[in-house]
Amino acid sequence: MIYRSLLRPILFRLPPETIHELALHSLRFFLGSQTARKFITRRTTLSPFGRLERFGLTFANPVGLAAGFDKNGTTAQALAALGFGFIEVGSVTSHPQPGNPRPRLFRLPRDRALINRAGFNNCGAAQLAENIRRHRPECLLGVNIGKSRHIAIEDAIPDYLESFAAVYDIADYIAINVSSPNTPKLRELQRPEMLAELLKSLQQRNDELARRSSRQQRKPLLLKIAPDLSESEIESIVEVATRLQIAGLIATNTTVSRADLQTSPAEVGAYGEGGLSGAPLRHRSNEVIALIHRLTRGGLPIIGVGGVFTAEDAWGKICAGASLIQLYTGFIYEGPGVARRINEGLAEILKREGFGSLDEAVGCRVK
Ligand SMILES: Cc1cc2nc3c(=O)[nH]c(=O)nc-3n(C[C@H](O)[C@H](O)[C@H](O)COP(=O)(O)O)c2cc1C
């Protein structure tokens, strides 16, 4: 409440990326010590869902922070104290890179949305691994990997493999990002032939690294997809993902669509290219989730992401077939208490709707 009524109006007067950097610094400063984190965690973490088993991992709650907020893994430890069940850091690439020129992040408050063309600004996969080793979060950690900008799409596989190996030891799961609109040609990797080749190589490396480690088990490999795909394209992706034993799909990344916005076309046009996130993405993201759930008959775990601000929004995704949810834009608009509020609200909704557990509710509205 204090965030929305007092803090947000002040913060939203400043450039979005400046606030983003300030937020990361503040979180590390205020939640840098274990005592501070314990204090906050005790007050905010409620886990009414019991144990949530997903692709071999046990989640304390179903609400995660989506990729892109903590690209370098410097702040995951502090963020975990805000009540997230999991944090996805990245996207990282094998080579450190500066991303696109600024400004590259824009707010659309009337639409409760953001447009970004960050372009994978990050410190590189090896440095991210180092950052996490120093400050490991007390929740599950996903690492999202993308393609280095200067590497041609034809040479993407070795580039992904390098990142994969660099983050292997520190990740609980690894998400393959082939869906960002801000790296030229990246989304071509969603085509079935290229995707199959990429995922096959990654799973081979996964097996090799598992044999070498004490775990002896593959790391769960997830695939993050775009909302701007046709039904038949999604069908092909699901077929490839299932064949290559992908542990789950993350649906969805940002959209290149600018349909049905309240913000004036002139203003939207002035921001230029980039991915749109937040409330306008919610409906399409839910459609994609429901389609995957239907195609797989609920057999492939889905992390639902796109336009989650409240417990009702999270519930919409669970009913569509997501068994975990993530948010980014909702965190910016709703503030640091958002994960706690969604978890509390979800527990109430489950009770209201007469479900004994979250698992019973997954996909309940998919025909
Ligand atoms: C500023 C910004 C940066 C992002 N960076 C990444 C990224 O590096 N990798 C990725 O997979 N998704 C990235 N995303 C997409 C989010 O993870 C998420 O899929 C998308 O924003 C939809 O969720 P939301 O409506 O809750 O924001 C980014 C989103 C925003 C707003």
Side-chain angles (χ1 to χ4, degrees), residues 15-21 23-24 63-73 84 86-93 97 99-100 102-108 111-125 128 142-149 160 163 173-183 186-187 189-190 222-228 249-257 271 274-286 288-289 302-310 313-314 316-317 322 324-334 338-339 342:
E17 200 157 348
T18 309
I19 296 304
H20 184 79
E21 281 158 3
L24 291 172
V63 182
L65 182 64
F69 188 85
D70 184 12
K71 289 192 188 257
N72 297 328
F84 289 104
F86 61 114
I87 309 263
E88 192 172 305
V89 292
S91 296
V92 275
T93 52
Q97 55 182 39
N100 286 319
R102 298 184 192 204
R104 54 194 177 181
L105 177 59
F106 308 92
R107 293 185 202 102
L108 286 68
D111 288 294
R112 292 159 66 73
L114 298 170
I115 288 176
N116 94 86
R117 53 168 170 279
F120 295 163
N121 50 311
N122 78 96
C123 63
L128 173 133
V143 181
N144 181 308
I145 60 175
K147 182 187 77 67
S148 306
R149 191 181 187 92
Y160 275 96
S163 296
Y173 72 83
I174 298 174
I176 311 304
N177 183 1
V178 287
S179 49
S180 165
N182 301 314
T183 295
L186 186 81
R187 286 172 302 160
L189 292 172
Q190 293 177 118
L222 281 83
L223 181 70
K224 185 162 179 179
I225 65 168
D228 312 308
L249 292 179
I250 306 177
T252 66
N253 213 315
T254 54
T255 177
V256 293
S257 163
Y271 295 144
L276 177 78
S277 59
L281 178 60
R282 186 183 309 130
H283 179 67
R284 178 58 192 155
S285 146
N286 289 357
V288 174
I289 294 165
I302 304 166
I303 302 183
V305 51
V308 174
F309 293 70
T310 64
D313 299 335
K317 287 199 158 25
L324 296 168
I325 67 115
Q326 285 179 328
L327 69 159
Y328 183 138
T329 308
F331 188 47
I332 307 295
Y333 278 85
E334 298 294 311
V338 68
I342 292 177

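Whatever order the structure lists ligands and atoms in, that order sets their numbers, starting from 1. Just so it is clear, the structure is predicted and the values come from calculations on it, not from any experiment.
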Closest protein heavy atom (residue, atom, distance) for [atom]:
atom	value
atom 12 (N) of ligand 1	K224 NZ, 3.1 Å
atom 13 (C) of ligand 1	A67 O, 3.3 Å
atom 1 (C) of ligand 1	Y328 OH, 3.3 Å
atom 30 (C) of ligand 1	N116 ND2, 3.3 Å
atom 21 (O) of ligand 1	S277 CB, 3.2 Å
atom 27 (O) of ligand 1	T329 OG1, 2.6 Å
atom 4 (C) of ligand 1	G68 CA, 3.7 Å
atom 15 (C) of ligand 1	N253 OD1, 3.5 Å

For the side chain of [X] and the backbone of [Y], is there at least one donor-acceptor N/O pair under 3.5 Å apart?
X	Y	answer
Q97	R149	yes
N122	T93	yes
N72	C123	yes

Quick check on contacts: which atoms of ligand 1 are under 4.0 angstrom from a heavy atom of [X]?
X	answer
G307	24 (P), 25 (O), 26 (O)
V305	18 (C), 19 (O), 22 (C), 23 (O)
N144	10 (C), 11 (O)
L114	31 (C)
L105	1 (C)
N177	9 (N), 10 (C), 11 (O)
L281	22 (C)
S91	7 (C), 8 (O), 9 (N), 10 (C), 11 (O)

**OP:** May I ask you to decide if the ring planes of H20 and Y328 are parallel, tilted or perpendicular, using 30° and 60° as cut-offs?
**Re:**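 The rings of H20 and Y328 lie parallel, inter-plane angle below 30°.
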
Subject >> Aromatic ring pairing Y271/F106, orientation class (parallel under 30°, perpendicular over 60°, tilted between) >> reply: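 Ring orientation, 0 to 90° scale: parallel.
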
**OP:** Just let me know how K71 lines up against ligand 1, side chain, backbone, both or neither, with a heavy-atom cut-off below 4.0 Å.
**Re:**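 Looking at K71 and ligand 1, just side chain atoms fall under 4.0 Å.
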
So is [X] polar-close to ligand 1, meaning N/O to N/O under 3.5 Å?
X	result
T254	no
A66	no
Q326	no

Original post:
Is S180 near ligand 1, meaning one of its heavy atoms is under 4.0 Å from it?
Top reply: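 Not so, S180 does not reach ligand 1.
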
**OP:** Please name the residue in the list S285, S180, P227, S277 that meets the side chain to side chain contact (heavy atoms under 4.5 Å, CB included) test with T254.
**Re:**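 Result for side chain to side chain contact (heavy atoms under 4.5 Å, CB included) with T254: S277.
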
Original post:
Any salt bridge between R112 and E334, counting N to O under 4.0 Å?
Top reply: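 Yes, R112 and E334 are salt-bridged.
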
Subject >> Side-chain ion pair, R102 and E21, N-O less than 4.0 Å >> reply: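 Judged by the 4.0 Å cut-off on N to carboxylate O distance, R102 and E21 do form a salt bridge.
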
